[in-house]
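Here's the structure, in structure tokens; my notes come after.
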Amino acid sequence: MKQEQSNKLLLIDGHSILNRAFFGLPDLTNAAGQHTNAVYGFLNIMFKIMDTEKPSYLTVAFDEHAPTFRHKMFAEYKGTRKPMADELRQQVPMMKQMLTAMGITVISKEGLEADDLLGTMARLAEDQGMEVTIVSGDRDLLQLATDHTKISIPKTKKTGTEIENYYAADVAERYLVTPTEFIDVKALMGDTADNIPGVPGIGEKTATAIISQYHSIEAAHEAADQLRPPRAAKNIVEFYDQAVMSKELATIEVHADITYDLQAARLTDIFTPEAYALCKEWEFKNLLGRFQIQAPRNVAEDAFSQAEDTQSLTAFAEELAKGQASYIGLYLAWRQRSAKEWEDASLAKDGDGQLSLFTSQKISEDACQEYEIYGIALSDGEKSLWAPMDDISCITQVLEHLIAQGKRLACMNVKEAIKICTPHLQERFLHYENVYDVAVAEYLLQPLKNTYVAEDLASEYLGISVPGYGETFGKRSLAQALEEMPKEFCSYACYEAYICSRVAGMQWESLKEKQMDDLYRDVELPLIFTLADMELEGIVIDAKALEEYGGRLMGRLVELEQKIYDEAGEEFNINSPKQLGLILFEKMGMPGGKKTKTGYSTAADVLENLAPDYPIVADILEYRQLAKLKSTYAEGLSNCIAPDGRIHSSFQQTVTATGRISSTEPNLQNIPIRMELGKLIRKVFHPKDGFVFVDADYSQIELRVLSHMSGDQNLIHAFLQGQDIHRSTASLVFHTAFEDVTELQRRNAKAVNFGIVYGISAFGLSRDLGISKKEAGKYIDDYFLAYPRMKEFLDGLVAEGKEAGEVKTMYGRIRPIPELSSSNFMQRQFGERIAMNSPIQGTAADIIKIAMVHVHDRLQKEGLASRLLLQVHDELLIEAKEEELPVVKKILQEEMEGAAKLVVPLTIDMHTGYTWYDAK
DNA sequence: ATGATCACG
DNA sequence: ACGTACGTGATCATC
């Protein structure tokens, strides 16, 4: 950023602004669990002022010891003096680190408050003819305002940050006293937060009135007999010494004994690579745009060579193969066609008879049909190379060659590489041993990150800054980027390969340190292959049946819509919660269950309470249900059917905080089952000809995991006896003989069991059961009496979470919990529930992942045609060849139940059928 | 882009 | 005094 020459000095009251930012912004944390909101807010305020002021000099002043600046900070915070919040304290050194990285002068001095530093520097600078701006959230600084020193006070408002500016004249206008007199006003009225006693009985109004007339405490004292409120007059005399002392305390030092080298505070470019790296690390994505940094040159640009043809690529690859590097970074560029493009392609080809290209058979023969390949980047951790290439066989040739040399391929997305490189019927040349997924490994180390991209890894592991895809290419697709910015594209691809190759080894060491190397090697990495095959396989959908289903919904929806309009007396958008709320609660005057920030809540549980009294509500509920089924499932699924007649959902391995996998485009993990009408959707999921579905789901896996991890004998006993677990809980909690447990008792006990797994809270349980919080609390107490080890275990998890900042599953998967160190009670409470839930949910997730890998590998090893298609958290769906049915069932039973050795047995329920509906 | 709602485990 | 059950993703409306 080019600085205009000016004689402007910007001074920032560091702690004050940091504090402002901290309380003005919601708690932000980065993936590493660091709190960042204050630093982020500070930078925003600083940039905003710099943009308008364009100063040539800048200095930030801090108090020497953070706790000594306690004062005004918490004055606005209910007047109580708490220790500085931990989340804020942590950010003080971070802020200084950022400022230092930006080359900004940071000043602090033992025994001096920031106020005194600011005052002194301002005077020094003004004496040298500078224009000074002091930024602070503290109005006490107004006493420093002159004709050449401006006090800027940022205000965080809804619309953004607004800044109030005060020169001496502005102070006089706003407060009716001069900046110097402002001291006397404060001395009279006092300030508890600052330990300034003031004069009793004199508040802001009286103080201002007195000083604006007499201009100083001394003068007011002399004229005490004329002072207006008699009580003030009396007290000014009686407490005169105290008033004088207060004035001394309130006065900011402007001649402090410091050396301040103005020239050293001259601004150069603050957008340095170091600052950029910090912005990346702390995830200040909005600020990155301010940095002009292009691909940094510290990775030796000239090391990148560009190959135009396959031959030179092969030559380079051979060269790489001879090298010593144990990891070869790999970056495959691909673009998955959208459903729309498939549609267009099919239509276009329809006329000239090439539709067969997109039939199911063709695709299963050569899954690469799905991709457009643009090229490949390779790196050995020193040199990198990008080779444009659209023929997958050239790529596989090179990779096979590298693998034959014993190299390991490290890349950002092994699953896609597998899908691209491994046509179904060919023997797979990518194996567990010769690939390494940098993103999946990073997910284990930092499971809370939103994205796993090379540039973040570069700054974390290598300390270098690389622009992200969007920074260079904006919203361009890969194809557009390659077309319009070939040079940058080359650089980008090369960097990605370079980073993967460099990071892999370091990351592996981190995994070992954190004792997650086994988890990675034995579970997550093999799982990549399992998921790739599941995605390639897809699941057959009966498109016609799906359309009929949608049609049926449509018919009823039209009826309901009209009925609702009639009942409401007008037409409106039933899908709009806002409009619906107005109709129900204002126009029709229903008793307002008020909720949500934006207005009335119209959520199902609210409407259900109204349904018995208002027929329209029942219709709306039915309408909602049908609309959901139609848009999300009937239409949503239909849009995802590939030309092969199947749906190829994506399974995400780096998304959830607990270690579960998730499913997208479409989500096949939330297909309706609870309501019969929704469950019917499952009839459109078919096995292919000659195959049959086998669906196996774990029975109570989370409670079994809990019984194992807690070691509670009562829970273990129930599982060992094969008892109905909710009935058993009811029996123990309600002191009822097992056989005499009522349905209601069982239902309540079931809710309690859920509560335990979720991280119990009386409120949550009471809401779920529709009972009072007190009753719910009693249930919980009784539960812990019945299961003595359970409280100990759950408290232990919370303690562990607080101690280590993270909790672990049985297999060592970690879940950081920054919420536990929050000063916000609710946040902390949330953290405690996470600490209780994550090890349980996560261990169950680990176990089914192990089962998936084992099932997948056995199907493969035993040469079966049956395939694993879906995972739904505690359930696996297999498409089994009919002849293989017995062996498939055996495999499922053995591998799912044998996936973990717990003190209680793991059991599954299994069903077969010719639709997913029938297999449940 | 965000919030509300609702589908699943 | 506060205001909550844990984990996801898709859709629609609204900003």
Side-chain angles (χ1 to χ4, degrees), chain A residues 78 286 447-448 572-581 595-607 620-621 623-637 639-640 649-652 655-675 677-679 681-682 697-698 700-702 706 751-769 773 776 780 794 797 807 815 817 819 824-842 844-845 848 870-876 920:
Chain A
K78 294 186 180 171
N286 293 340
L448 300 185
F572 64 101
N573 187 345
I574 307 169
N575 288 318
S576 160
K578 194 178 164 189
Q579 293 180 37
L580 182 60
K595 267 200 205 166
T596 79
K597 331 166 200 200
T598 50
Y600 302 103
S601 169
T602 64
D605 55 342
V606 177
L607 297 191
I620 288 166
L621 282 167
Y623 177 92
R624 277 254 182 90
Q625 196 193 351
L626 300 203
K628 177 91 176 182
L629 292 174
K630 182 163 188 294
S631 68
T632 303
Y633 299 103
E635 289 166 4
L637 291 179
N639 290 332
C640 293
S649 171
S650 294
F651 291 98
Q652 311 297 331
V655 170
T656 72
T658 52
R660 279 186 174 181
I661 56 179
S662 80
S663 158
T664 59
E665 280 182 278
N667 181 355
L668 292 185
Q669 290 180 323
N670 71 345
I671 302 302
I673 191 164
R674 293 172 189 168
M675 308 290 283
L677 179 64
K679 189 175 176 181
I681 279 267
R682 293 180 175 234
D697 68 291
Y698 280 112
Q700 302 295 351
I701 187 168
E702 290 186 339
L706 179 61
V752 175
N753 278 332
F754 267 92
I756 295 293
V757 169
Y758 289 162
I760 196 79
S761 87
F763 185 90
L765 183 63
S766 73
R767 196 159 62 72
D768 191 57
L769 285 177
K773 209 165 98 181
I780 294 169
L794 294 176
L797 288 179
V807 290
R815 160 87 192 254
I817 315 182
E819 291 88 350
N824 179 308
F825 176 75
M826 221 184 69
Q827 283 285 304
R828 224 166 39 238
Q829 193 113 328
F830 180 48
E832 291 178 4
R833 292 196 296 271
I834 293 172
M836 296 187 265
N837 169 265
S838 289
I840 303 169
Q841 189 184 120
I848 195 163
L870 302 178
Q871 185 252 41
V872 192
H873 308 308
D874 66 349
E875 165 192 357
L876 298 180
K920 282 294 291 184

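Given the structure is predicted, the values throughout are model-derived calculations rather than measurements. Chain letters run A, B, ... following the sequence lines, proteins first and then strands; every chain starts at 1.
- Of all nucleotides in DNA chain B having an atom under 4.0 Å from a heavy atom of chain A, the first and last in 5' to 3' order are B:dA4 to B:dG9.
- Between the side chain of A:R682 and the backbone N or O of A:P672 there is at least one donor-acceptor pair closer than 3.5 Å.
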Just list the side-chain donor-acceptor pairs under 3.5 Å for residues 656-663 of chain A, sequence neighbours left out, or say none.
{"from": "A:T656", "atom 1": "OG1", "to": "A:Y443", "atom 2": "OH", "distance (Å)": "3.4"}
{"from": "A:T656", "atom 1": "OG1", "to": "A:G659", "atom 2": "N", "distance (Å)": "3.1"}
{"from": "A:T656", "atom 1": "OG1", "to": "A:R660", "atom 2": "N", "distance (Å)": "2.9"}
{"from": "A:T656", "atom 1": "OG1", "to": "A:R660", "atom 2": "O", "distance (Å)": "2.7"}
{"from": "A:T658", "atom 1": "OG1", "to": "A:Q841", "atom 2": "OE1", "distance (Å)": "2.7"}
{"from": "A:S663", "atom 1": "OG", "to": "A:S649", "atom 2": "OG", "distance (Å)": "2.9"}
{"from": "A:S663", "atom 1": "OG", "to": "A:P666", "atom 2": "O", "distance (Å)": "3.3"}
{"from": "A:S663", "atom 1": "OG", "to": "A:L668", "atom 2": "N", "distance (Å)": "2.8"}

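- Taking atom CD1 of A:I701 as the reference point, atom P of C:dG7 lies 18 Å away to the nearest angstrom.
- Every residue meeting the side-chain contact (heavy atoms from CB on, under 4.5 Å) condition with A:F825, not counting sequence neighbours, appears here in chain and number order: A:R828, A:Q829.
- Using a 4.0 Å heavy-atom cutoff across all strands shown, A:L629 reaches no nucleic acid atom at all.
- Protein atom CD1 of A:I756 is 16 Å distant from nucleotide atom P of C:dG7, rounded to whole Å.
- Within 4.0 Å of A:A604, counting heavy atoms only, lie sugar-phosphate atoms of the nucleic acid but no base atom.
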List the protein contact pattern of nucleotides 9-15 of chain C with one symbol per nucleotide (5' to 3'): B for base contact, S for sugar-phosphate-only contact, - for none; contact means a heavy-atom distance under 4.0 Å.
-> BBSSSSS
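- Every residue was checked against the salt bridge (Lys or Arg N to Asp or Glu O under 4.0 Å) condition with A:D768, not counting sequence neighbours, and none meets it.
- In terms of the side-chain contact (heavy atoms from CB on, under 4.5 Å) criterion, residue partners of A:E819 (sequence neighbours excluded) are, by chain and number, A:I817, A:Q827, A:F830, A:I834.
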According to the Watson-Crick and G-U wobble definition with distances under 3.5 Å, which dot-bracket string, read 5' to 3', encodes DNA chain C, using [ ] for crossing pairs and | for pairs with another strand?
-> .....|||||||||.
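- Residue-to-nucleotide contacts include a donor-acceptor pair under 3.5 Å from the side chain of A:R833 to the base of C:dT4.
- Atom CG of A:D605 is separated from atom P of C:dT4 by 13 Å (rounded to the nearest Å).
- A:V872 comes within 4.0 angstrom of the backbone, heavy atoms only, and of no base.
- Applying the salt bridge (Lys or Arg N to Asp or Glu O under 4.0 Å) test to pairs two or more places apart or on separate chains, those with a residue in residues 832-841 of chain A are A:K802-A:E832.
- By the side-chain contact (heavy atoms from CB on, under 4.5 Å) test, A:V872 is found to be paired with A:Q669, A:E875, A:W916, residues two or more places apart in sequence or in another chain being considered.
- Among residues two or more places apart in sequence or in another chain, the ring pair (Phe, Tyr, Trp, His ring centres under 6.0 Å) test is passed with A:F651 by none.
- Remark: A:F754 pairs with A:Y758 by the ring pair (Phe, Tyr, Trp, His ring centres under 6.0 Å) rule, at least two apart or across chains.
- Remark: A:S631 pairs with A:E635 by the side-chain contact (heavy atoms from CB on, under 4.5 Å) rule, at least two apart or across chains.
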